[in-house]
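Since the structure is predicted, the reported quantities are computational estimates derived from the model, not experimental observations. Throughout, protein chains are lettered first and strands after them, A, B, ... in sequence-line order, and every chain is numbered starting at 1.
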Amino acid sequence: KAGVTQTPRYLIKTRGQQVTLSCSPISGHRSVSWYQQTPGQGLQFLFEYFSETQRNKGNFPGRFSGRQFSNSRSEMNVSTLELGDSALYLCASSPDPGPNTEAFFGQGTRLTVV
Amino acid sequence: GESVGLHLPTLSVQEGDNSIINCAYSNSASDYFIWYKQESGKGPQFIIDIRSNMDKRQGQRVTVLLNKTVKHLSLQIAATQPGDSAVYFCGDTSGTYKYIFGTGTRLKVLA
């Protein structure tokens with residue numbers, strides 16, 4: 001069974017631009033969560049999607065948004081990029097939503113904002 | 001708080017010894033705890049989990065201990081191997097978010 005796939009693996013963008021990251025969950029998994037990993041803040045929860053609906057959202061500005069499609073694939077978008085948005089963005093999938101289930105992480109997308 | 005990377009708490013252990021990685025959580029309502037391992041260049045991988053109605057849970061070479069009184073969690077790795085070198089994250093749930101993770105501890109295994 002294929003794991004969680006994130007594309008692209010690496011991305012370089014300029015301040016002010018926007019970016020879209022993609023995540024394909026494990027087949028059969030319906031819940032997708034996104035995390036931002038930075039040296040200064042560790043792993044921080046962005047949002048969780050299930051059945052095309054955002055269930056939970058972390059403490060991030062409105063520039064960070066996401067969506068989930070009917071096939072459970074998810075995208076996250078960051079608009080008006082800032083230098084501080086440089087980070088590893090990780091996607092995790094679970095069979096079901098909610099906190100009490102193991103999440104399987106992808107390898108992440110490394111975003112660099114210059 | 002502590003930072004990942006250059007300022008990440010580091011535990012150095014001799015190969016073959018046991019490792020103990022500690023974690024504190026703040027939400028007394030958390031009812032599920034989880035440990036992940038992240039090797040360089042990879043996404044985090046699940047190690048073991050424990051529910052709040054348990055004090056201890058064992059896996060293959062790993063044991064998680066939960067002390068709800070002091071809101072403390074520990075991960076014990078028996079007979080630490082070079083392949084155990086990684087950053088270890090503990091996470092808990094507040095019922096709202098998927099997981100709230102700590103900043104991580106880097107484990108270095110010395111040959």
Side-chain angles (χ1 to χ4, degrees), chain A residues 2-7 9-10 21 23-26 29-50 54-60 66 68 74 86-110, chain B residues 1-10 21 23-54 57 59 62 64 66 73 86-106:
Chain A
V4 177
T5 304
Q6 291 188 246
T7 57
R9 289 292 311 280
Y10 302 93
L21 312 181
C23 172
S24 293
I26 291 172
H29 284 194
R30 301 182 299 166
S31 173
V32 173
S33 303
W34 288 89
Y35 290 83
Q36 182 194 65
Q37 186 174 30
T38 61
Q41 297 294 326
L43 264 173
Q44 293 202 296
F45 173 82
L46 279 157
F47 23 66
E48 180 188 16
Y49 286 90
F50 174 72
Q54 187 181 90
R55 295 187 72 249
N56 294 298
K57 190 178 194 304
N59 189 25
F60 278 82
Q68 186 180 36
S74 178
S86 294
L88 180 67
Y89 289 88
L90 290 159
C91 165
S93 78
S94 304
D96 298 302
N100 297 343
T101 56
E102 178 188 344
F104 296 82
F105 283 86
Q107 289 191 283
T109 294
R110 172 76 62 186
Chain B
E2 293 170 319
S3 302
V4 176
L6 290 177
H7 303 289
L8 188 64
T10 299
I21 301 171
C23 179
Y25 64 95
S26 58
N27 188 349
S28 57
S30 293
D31 57 2
Y32 179 75
F33 304 87
I34 199 161
W35 281 97
Y36 276 83
K37 169 187 179 183
Q38 187 176 24
E39 296 175 271
S40 181
K42 297 184 179 180
Q45 288 181 286
F46 170 83
I47 303 172
I48 192 168
D49 59 2
I50 187 168
R51 298 191 185 278
S52 60
N53 61 353
M54 302 170 70
R57 189 165 190 221
V62 295
V64 56
L66 175 63
L73 199 64
V87 176
Y88 290 81
F89 294 95
C90 68
D92 70 321
T93 63
S94 64
T96 302
Y97 301 131
K98 189 68 177 179
Y99 302 115
I100 303 296
F101 286 101
T103 50
T105 296
R106 186 182 304 281

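- Contact between B/Phe46 and A/Glu102 at its shortest, heavy atoms only, is CB-OE2, 3.0 Å.
- For B/Gln45, no part lies under 4.5 angstrom from a heavy atom of chain A.
- Proximity to chain B (any heavy atom under 4.5 Å) is shown, for A/Arg110, by neither the backbone nor the side chain.
- In this structure, A/Phe104 and B/Tyr36 approach most closely via the heavy-atom pair N-OH, 4.5 Å.
- Taking both residues in full, the closest heavy atoms of B/Gly43 and A/Leu90 are given as CA-CD2, 4.1 Å, listed atom of the first, atom of the second, then distance.
- Considering only heavy atoms from C-beta on, B/Val87 stays 4.5 Å or farther from A/Gln37 through its side chain.
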